[in-house]
K.L.:
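Would you mind keeping the following structure in view while I ask a few things?
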Amino acid sequence: MKKVRKTIIITFIIMVALTAGIIFLMTRSKPVSDDFAGQIMQDQSDQTEKRAYLTEMEQNAKPLQMSGDNKNVLNFDSKDVYNVAESTAARERLDRVIKRITPTFEDPVIAANPFGTNLNSFYFYFTTDLPYIVRYTITVADRSIPDFIRYVNNGQENNLSKKHEFTLSGLVPGMTNFIILDVLDHSGNVRKTQTYKYDAQGVPVGVRLSVQKGNSKDSAHNGLYFVLPAGDKGIYAYDNSGILRNATLTETGHGGRIYQSGECILYQVSDTKAAKVSATGQVLGTAEIKGYGKIRDFAYDGYDNIYSLVRKKKRDYLLATSFQTGKTRVAYTLPKKVKAVSIAMQGGGTVYIACEAPNAILKVEALTSQAPRVALILGKKDDWKKIPSKKNSWKKKVTEDKDPANWNMKTAVLNLVQDRSDGITDRMSAYLMNQGKGTGVVFTVDGKGKSTAVNHSFPTGQAGRCGCEVYEDHFLISNFDQGVFAEYDERGKVTKEFSAGGAVSYVTKLSLNGMCFYNG
């Protein structure tokens with residue numbers, strides 16, 4: 001009898017092991033199929049005609065409630081949003097709640113904007129028995145507003161995970177939004193679904209941008225347009241249909257830049273302070289400049305420091321401020337009589353500085369050392385004769401290519417394109433006056449050969465403060481003074497043009513892929 005029982009137990013253990021092995025093989029890190037990857041791209045384009053809205057959602061959707069007997073959402077009192085200690089405390093509170101209960105798809109942890117950084121957003125946390133992908137769809141009754149569909153990035157191989165933690169955004173302000181949450185397998189099959197509804201808070205800016213279709217056969221690439229309106233301290237993200245999908249709150253002002261760097265986003269929250277924020281909206285660090293007035297432009301080194309352009313007593317400085325320590329040091333002091341307008345960070349302690357006087361672009365290296373140096377000046381030799389230096393050393397640095405020498409940098413917003421594949425050339429973009437005509441320019445700089453080459457030129461003729469940047473193989477050209485921007489294809493034709501209805505400080509396009517969203 002004992003032998004029979006032993007045999008049964010051994011057989012049972014083997015069967016359990018085999019079953020577990022089969023489940024593991026079936027669910028382990030399988031790449032998504034080409035068809036599913038194509039579906040993901042199309043869904044996240046914000047340009048699909050299919051809509052998920054059904055009239056029965058009005059009755060059947062589960063309300064997101066922050067008070068009352070049916071409360072299912074945690075509330076956070078985020079008064080000092082960009083205080084790292086308070087943001088950390090909010091994170092710790094979430095962790096305590098998660099540890100105390102067992103959040104499931106049917107009964108998840110939901111918190112309303114727990115870190116205070118994104119209006120009308122909700123933090124979700126739940127686990128599933130098997131590794132899955134999470135997708136959410138936001139739909140409204142208004143047929144003129146397309147659905148907003150996003151696949152959550154969970155940081156795991158092939159985006160399959162048993163743990164699901166994300167901040168859901170994309171709700172249309174001032175409207176009743178229906179949120180369809182789906183759990184998918186690696187083939188895109190829906191395993192579980194839940195529908196919520198929420199009346200989103202209104203915002204002081206327009207929910208729709210004015211949109212005009214261009215003459216390009218291309219569609220606008222997936223991503224969100226981040227608009228920083230002049231005279232408003234908020235940062236607003238619009239989809240490819242011109243619908244407002246996120247409002248980022250600041251303290252007193254948004255400055256003139258916003259960056260995505262890996263799994264973080266960086267932007268100013270006041271004239272003197274920048275913040276680094278995670279995919280869930282948690283403030284991971286702040287860098288504040290003191291004693292130098294306003295930040296005129298800033299860039300991020302990808303590690304710990306922001307490099308900010310400031311002016312004090314008619315002298316321009318490049319400052320480095322650490323997120324970790326909060327300390328600020330002078331990384332480089334520009335020569336007297338040199339007036340800078342913008343910067344672009346190449347990484348590794350190298351920065352490009354656009355100057356209006358003398359008209360030039362400077363390449364400064366070794367910013368992390370005790371002796372940073374100007375490696376290259378793109379401008380006119382005669383202009384740099386007038387700049388005081390020992391033995392006229394500036395003139396020796398000047399490369400007088402005909403293109404940079406003719407460019408007017410007075411209102412240039414310099415951008416570096418991250419495709420430095422050969423390790424020698426740097427690719428940049430800017431909108432400037434070229435021989436008296438407003439032109440968007442994409443160009444490369446050969447640091448070894450000390451030469452430049454124009455890759456793309458967009459002579460739109462627009463005047464005033466404008467911008468030109470590369471987005472994948474498209475180009476975003478913005479007229480900041482007019483609040484108008486357009487996405488161009490690689491042939492120079494417009495896919496779509498948008499108008500914010502007033503002047504803006506800055507416009508850029510970010511995908512948030514690998515941070516908030518998964519792109520297949």
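The shown structure was predicted, so the numbers you read here are calculated from the model rather than taken from an experiment.
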K.L.:
For Phe166 and Tyr136, take the angle between the two ring planes, folded into 0 to 90°, and tell me which bin it lands in: parallel under 30, tilted 30 to 60, perpendicular over 60.
P.N.:
parallel
K.L.:
Could you state the interatomic distance from OG1 (Thr117) to CD1 (Ile235), rounded to the nearest 0.5 Å?
P.N.:
10.5 Å
K.L.:
Assess the residue pair Leu209 and Tyr225 against the criterion (side-chain contact (heavy atoms from CB on, under 4.5 Å)); give the C-alpha distance rounded to whole Å, side-chain angles, the decisive distance to 0.1 Å, and a yes or no.
P.N.:
CA-CA 11 Å; Leu209 297 175; Tyr225 300 100; 5.6 Å; no
K.L.:
Please determine if Glu400 and Lys381 form a salt bridge, counting it only when a charged side-chain N lies under 4.0 Å from a carboxylate O.
P.N.:
no
K.L.:
So, are Arg150 and Asp43 salt-bridged, with charged N and O less than 4.0 Å apart?
P.N.:
no
K.L.:
Less than 4.0 angstrom from a charged side-chain N to a carboxylate O is my criterion; do Arg257 and Asp297 meet it?
P.N.:
yes
K.L.:
Is the shortest distance from a Lys or Arg side-chain nitrogen in Arg465 or Asp481 to a carboxylate oxygen in the other one below 4.0 Å?
P.N.:
no
K.L.:
Using the rule given for side-chain contact (heavy atoms from CB on, under 4.5 Å), can you reason through Asp426 versus Asp446, listing the C-alpha separation, both sets of side-chain angles and the distance that settles it, and then say yes or no?
P.N.:
CA-CA 7 Å; Asp426 292 322; Asp446 185 338; over 6 Å; no
K.L.:
Under the criterion ring pair (Phe, Tyr, Trp, His ring centres under 6.0 Å), which of Tyr259, Tyr267, Tyr506 is the partner of Phe298?
P.N.:
Tyr259
K.L.:
Parallel, tilted or perpendicular, judged at 30° and 60°: which one describes the rings of His456 and Phe475?
P.N.:
tilted
K.L.:
Of Leu171, Val172, Ile138, which is the lone residue that meets side-chain contact (heavy atoms from CB on, under 4.5 Å) with Phe148?
P.N.:
Ile138
K.L.:
More than 12 heavy atoms of other residues, nucleotides or ligands under 6.0 Å from CD of Glu251: yes or no?
P.N.:
yes
K.L.:
Please tell me whether Tyr488 and Phe458 form a close aromatic pair, meaning their ring centres lie under 6.0 Å apart.
P.N.:
yes
K.L.:
Glu86 vs Ser78, test: side-chain contact (heavy atoms from CB on, under 4.5 Å). Steps then yes/no.
P.N.:
CA-CA 8 Å; Glu86 285 206 15; Ser78 304; 5.7 Å; no
K.L.:
Under a 4.0 Å threshold between the charged nitrogen and the carboxylate oxygen, would Asp271 count as salt-bridged to Arg296?
P.N.:
no
K.L.:
In Å, rounded to the nearest 0.5 Å, how long is the span from OG1 of Thr252 to CD of Gln268?
P.N.:
9.5 Å
K.L.:
Just do the ring-ring contact (aromatic ring centres under 6.0 Å, His included) check on Tyr317 and Tyr292 with the steps written out, would you?
P.N.:
CA-CA 9 Å; Tyr317 298 86; Tyr292 286 89; 5.8 Å; yes
